Amino acid sequence: MIKTNNCKLIFLPKIVDGIDGSISVAESRRHVPFEIKRIYYIYDLANENAIRGKHAHKTLEQVIFCINGSFLLALDDGINKQEVVLDQPNCGVYLGTYLWHTMTRFSKECVLLVLASDFFSEADYIRDYEKFLKMVRKKE
Ligand code: TYD
């Protein structure tokens with residue numbers, strides 16, 4: 001159960017082909033609640049102290065998956081905080097706007113896949129936590 005605002009679990013279909021493996025599929029506006037404009041993946045996470053994320057977005061929407069291994073996703077909407085372990089390739093988390101997110105505790109060979117609603121723009125990032133809190137409080 002996700003209690004933090006601006007996010008939710010996303011379950012993709014899983015087509016199991018027995019000994020021949022499985023397929024999961026994400027289609028824009030069907031399984032993912034926006035038009036996908038960008039895909040990126042994060043890997044080479046061998047350092048057990050690696051920390052990623054530590055930011056929020058002003059307009060970008062994303063869905064994050066762990067397509068191999070596991071990691072810990074920490075979510076913070078400025079009021080509520082929650083941690084979710086992602087370890088299933090077909091179960092991701094929708095990251096809406098103004099949601100501070102941090103990824104840690106990457107397993108060996110962990111691979112993250114992210115589907116994003118727009119092209120990369122550094123101007124869309126909020127990388128300062130205090131600034132993030134001020135912006136969230138101003139919106140309420
Ligand atoms: P960032 O989004 O902060 O990574 P994470 O959330 O996984 O910790 O991006 C890290 C660096 O990579 C930053 O300098 C911007 C760059 N980058 C791009 O150039 N294009 C992209 O699509 C992404 C996601 C990052």
Side-chain angles (χ1 to χ4, degrees):
M1 252 306 258
I2 300 258
K3 288 170 259 163
T4 322
N5 290 321
N6 306 344
C7 59
K8 61 180 175 185
L9 289 175
I10 300 277
F11 294 96
L12 300 181
K14 181 174 178 180
I15 302 148
V16 181
D17 283 327
I19 59 164
D20 299 315
S22 299
I23 298 175
S24 281
V25 55
E27 295 182 343
S28 291
R29 299 203 180 276
R30 289 186 177 167
H31 315 103
V32 171
F34 51 79
E35 212 63 51
I36 300 162
K37 266 194 169 174
R38 176 167 53 112
I39 296 169
Y40 61 92
Y41 38 97
I42 301 170
Y43 51 101
D44 287 347
L45 291 158
N47 183 347
E48 61 180 31
N49 298 317
I51 304 177
R52 301 215 57 112
K54 293 195 288 180
H55 63 255
H57 284 282
K58 296 174 196 164
T59 63
L60 189 74
E61 297 173 85
Q62 303 186 98
V63 182
I64 187 165
F65 294 95
C66 186
I67 58 166
N68 196 54
S70 65
F71 73 95
L72 184 71
L73 175 65
L75 303 164
D76 177 354
D77 62 20
I79 296 162
N80 310 294
K81 293 183 186 190
Q82 186 171 3
E83 292 185 334
V84 183
V85 173
L86 284 187
D87 59 2
Q88 300 293 321
N90 65 322
C91 177
V93 174
Y94 166 76
L95 304 172
T97 58
Y98 293 92
L99 182 69
W100 191 267
H101 54 282
T102 304
M103 296 86 90
T104 55
R105 291 202 221 158
F106 302 100
S107 70
K108 212 166 160 267
E109 308 296 336
C110 178
V111 181
L112 280 58
L113 176 72
V114 184
L115 312 177
S117 65
D118 211 343
F119 303 128
F120 175 76
S121 164
E122 187 60 43
D124 194 68
Y125 282 70
I126 308 160
R127 292 197 186 269
D128 181 295
Y129 187 68
E130 293 306 315
K131 204 168 149 190
F132 162 72
L133 288 180
K134 275 189 197 147
M135 289 171 103
V136 168
R137 282 168 196 162
K138 216 192 249 175
K139 281 175 88 226
E140 277 163 7

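In each ligand, atom 1 is the first atom listed, and ligand 1 is the first ligand listed. Keep in mind that this is a model prediction, so the values were computed, not measured. No hydrogens, no waters, no symmetry mates; every other heavy atom, side chains included, goes into these values.
The aromatic rings of W100 and Y129 sit perpendicular to each other, their planes meeting at more than 60°, with 30° as the lower class boundary. Between H101 and H55, the two ring planes are perpendicular [angle over 60°; tilted spans 30° to 60°].
Under 3.5 Å, the side chains of D124 and T59 contain a donor-acceptor pair of N or O atoms.
Neither the backbone nor the side chain of H101 has any atom closer than 4.0 Å to an atom of ligand 1 (non-hydrogen atoms only). Residue contacts with ligand 1 for V114 are absent, since no atom lies close enough (heavy atoms, distance under 4.0 Å).
Taking every heavy atom of G53 and a limit of under 4.0 angstrom, the matching atoms of ligand 1 come to 5 (P), 6 (O), 8 (O). Taking every heavy atom of I42 and a limit of under 4.0 angstrom, the matching atoms of ligand 1 come to 7 (O).
Between the S28 side chain and the I36 main chain, a donor and an acceptor come within less than 3.5 Å of each other. Distance alone, capped at 3.5 Å, places no donor-acceptor pair between the Q62 side chain and the V114 backbone. Between the side chain of E61 and the backbone N or O of S117 there is no donor-acceptor pair closer than 3.5 Å. Although no hydrogens or angles enter the test, the distance criterion places a donor-acceptor pair under 3.5 Å between the side chain of S24 and the main chain of P13.
In terms of protein heavy atoms, atom 1 (P) of ligand 1 is closest to Y125 OH, 3.8 Å. The nearest protein atom to atom 24 (C) of ligand 1, hydrogens excluded, is given as R38 NH1, 3.4 Å; this is a heavy-atom distance.
Of the candidates F119, F120, Y41, the one placing a heavy atom closest to atom 25 (C) of ligand 1 is F120. Among H55, M103, R52, the residue whose heavy atom sits closest to atom 4 (O) of ligand 1 is R52.
What you find for N80 and N5 is that their closest heavy atoms are ND2-ND2, 3.8 Å.
In this structure, R127 has a heavy atom closer than 4.0 Å to ligand 1.
Within 4.0 Å of atom 8 (O) of ligand 1, at least one protein heavy atom is present. Within a 4.0 Å radius of atom 20 (N) of ligand 1, the protein contributes one or more non-hydrogen atoms.
Residues L75 and L113 fall into different hydrophobic clusters, defined by Ile, Leu, Val, Met, Phe, Trp and Tyr side chains chained together at heavy-atom separations under 4.5 Å.
Between E122 and ligand 1, a contact under 3.5 Å exists for no N or O pair. Distances between N or O atoms of Y40 and those of ligand 1 include no value under 3.5 Å.
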